[in-house]
There are 2 protein chains.
Amino acid sequence: MPEWKEVIAVKKTTLRFRKGALLFKEGEPVKGIYLLYSGAVKVHKKWADGKELIIRFAAVGDILGHRGLAGDIYPVSATALEDSKACFVSNPFLETTLRADHVFTRTLMQFYAAELQKAELRMRNLALMEVKGRIAEALLELQAVYGTGKNKFIRVPVTRQDIAGYAGTTYETVFKFLKILVDAKVIQVSGKSICIRQPGKLVKMCDSSRE
Amino acid sequence: MPEWKEVIAVKKTTLRFRKGALLFKEGEPVKGIYLLYSGAVKVHKKWADGKELIIRFAAVGDILGHRGLAGDIYPVSATALEDSKACFVSNPFLETTLRADHVFTRTLMQFYAAELQKAELRMRNLALMEVKGRIAEALLELQAVYGTGKNKFIRVPVTRQDIAGYAGTTYETVFKFLKILVDAKVIQVSGKSICIRQPGKLVKMCDSSRE
DNA sequence: CGAATTATTGAGAGCAATCAACTGATGTGG
DNA sequence: CCACATCAGTTGATTGCTCTCAATAATTCG
């Protein structure tokens, strides 16, 4: 866990969340931010018809709920992908820290700037890549965020529904494309775990000429 | 212009940019940030085949190039939509200000947080809305950013190419949909100017049930 | 006035969403 | 133990939208 994040981790109000539990919900008043201690969390935003887009996947050490710093209500929801623990930092405590520790404030600002760059990259991908490419993106992103364990399998249980939610497509489309990838031996699926066997081929199959 | 931005505007190194001129370019080393004094600027990001996505439209008072704070090179380009003036703030000066003025640093951080929220909203729209809805978004966004002058026309010259670039679609598709909107008397076009006559109907025609 | 660029329009193809059907696993009541 | 229901996972067919390409019209510019 990056050192700077320990500044806010001093306040050890650790909360536990069962798989599927909500850390916070879109529209609720902002009470503070969370620092993920263990587990995995998805941040998502609703749309019509029960559709939603997964904004990002958060791993151990990541900050959650910081979007709320700009307003009074959370613009997104956060749901545990597996049993997780998170350190909760209340707004008053955060305020005090921001006022007292200017280095921390600057580091947090740079963290925001970096998040913004990622968001822009993702905006571009969502707008210009076609669905296959976005699904590939989702897989690569999951691996980048959570890493791989034994057998090179991605270290988090993901449903096809989640992949669809991240790629901005439907369950069925994800299903069909994953099947193609499995048949081509580019990836391997076992239960809720996925293993990327040939990342290069994966990218190539999405013909999405990268920047 | 918001007061707080004047903190960095003290340094009056005002630069002029002709319509179409680049303020900075994707991939170039970051030299500083810009504060737009007059005119209008688009921020865009390249992709394959000469395609690009317009990340945002900036109006007078907006900050440009701040994404670069997180890295050494600009992740995006900025191009003047019309003759513009921008106050350039070099990195060293910005560094000094950030170190000295902590209130400014905090305000800038909150600005980032707000930008992040906007980016997420846009991510969701780009991923889940269909093309018509995204074009409508583009029009409404342009009006929100630049406002309207006499005749209620949006106060900036926009090409259909730019609308396509913002909506993540093609020139022809924008052309055809705008024609439908004009025929339905929802909007009005005159040269490079656009006027939204019936915003409600515009939203409805995109069937995109809003949040 | 001719050339080159840009605007406009139509036809066609391809992709992905939707819908519907099927499979198999699990559970429930008789 | 079996018949039935339920539900998630899986697959195919269809439809509609949007991109691409191409052809024509209009405009700018030399």
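What you are looking at is a predicted structure, and each value in this text was computed from that prediction instead of being measured.
- When the side-chain contact (heavy atoms from CB on, under 4.5 Å) test is applied to A:E115, the partners found at least two apart in sequence or on another chain are A:R56, A:H66, A:R67, A:F111, A:K118, B:L116.
- A 4.5 Å side-chain heavy-atom check between B:H44 and B:T79 finds at least one atom pair inside the cut-off.
- Using cut-offs of 30° and 60° on the angle between ring planes, the pair A:Y74 and A:F24 is parallel.
- Using a 4.0 Å cutoff on non-hydrogen atoms, the parts of residues 171-178 of chain B near DNA chain C are B:Y171, B:E172, B:F175, B:K176, ordered by number.
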Atom pairs and distances, side-chain donor-acceptor, residues 189-200 of chain A, under 3.5 Å, sequence neighbours left out:
unit_1: A:R197; atom_1: NE; unit_2: A:Q188; atom_2: OE1; d: 2.5
unit_1: A:R197; atom_1: NH2; unit_2: A:Q188; atom_2: OE1; d: 2.4
unit_1: A:Q198; atom_1: NE2; unit_2: A:K185; atom_2: O; d: 2.9

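- Distance, A:E130 CD to D:dC17 C1': 14 Å, rounded to whole Å.
- Partners of B:Y166 according to the ring-ring contact (aromatic ring centres under 6.0 Å, His included) rule, which considers only residues two or more places apart in sequence or in another chain, are B:F57.
- Using a 4.5 Å heavy-atom threshold, the side chains of A:V158 and A:L142 count as touching.
- When side chains are defined from C-beta on, B:V30 does not count as touching B:D72, because their heavy atoms never get closer than 4.5 Å.
- Taken residue by residue, residues 156-169 of chain B places heavy atoms nearer than 4.0 Å to DNA chain C at B:R160.
- In this entry the distance linking CG of B:L128 with P of C:dA16 reads 15 Å, nearest Å.
- Between A:S84 atom OG and A:F17 atom CZ the span is 8.5 Å, to the nearest 0.5 Å.
- Of the candidates D:dT18, C:dA17, D:dT20, the closest approach to any side-chain atom of B:K51 belongs to D:dT20.
- Under a 4.0 Å N-O distance rule, the pair B:R16/B:D83 does not qualify as a salt bridge.
- Across the protein-nucleic acid pair, A:M129 atom CE and C:dC15 atom C1' stand 15 Å apart, rounded to whole Å.
- Considering only heavy atoms from C-beta on, A:L81 stays 4.5 Å or farther from A:V41 through its side chain.
- Of all the residues in residues 179-199 of chain B, not one reaches under 4.0 Å from DNA chain D with any non-hydrogen atom.
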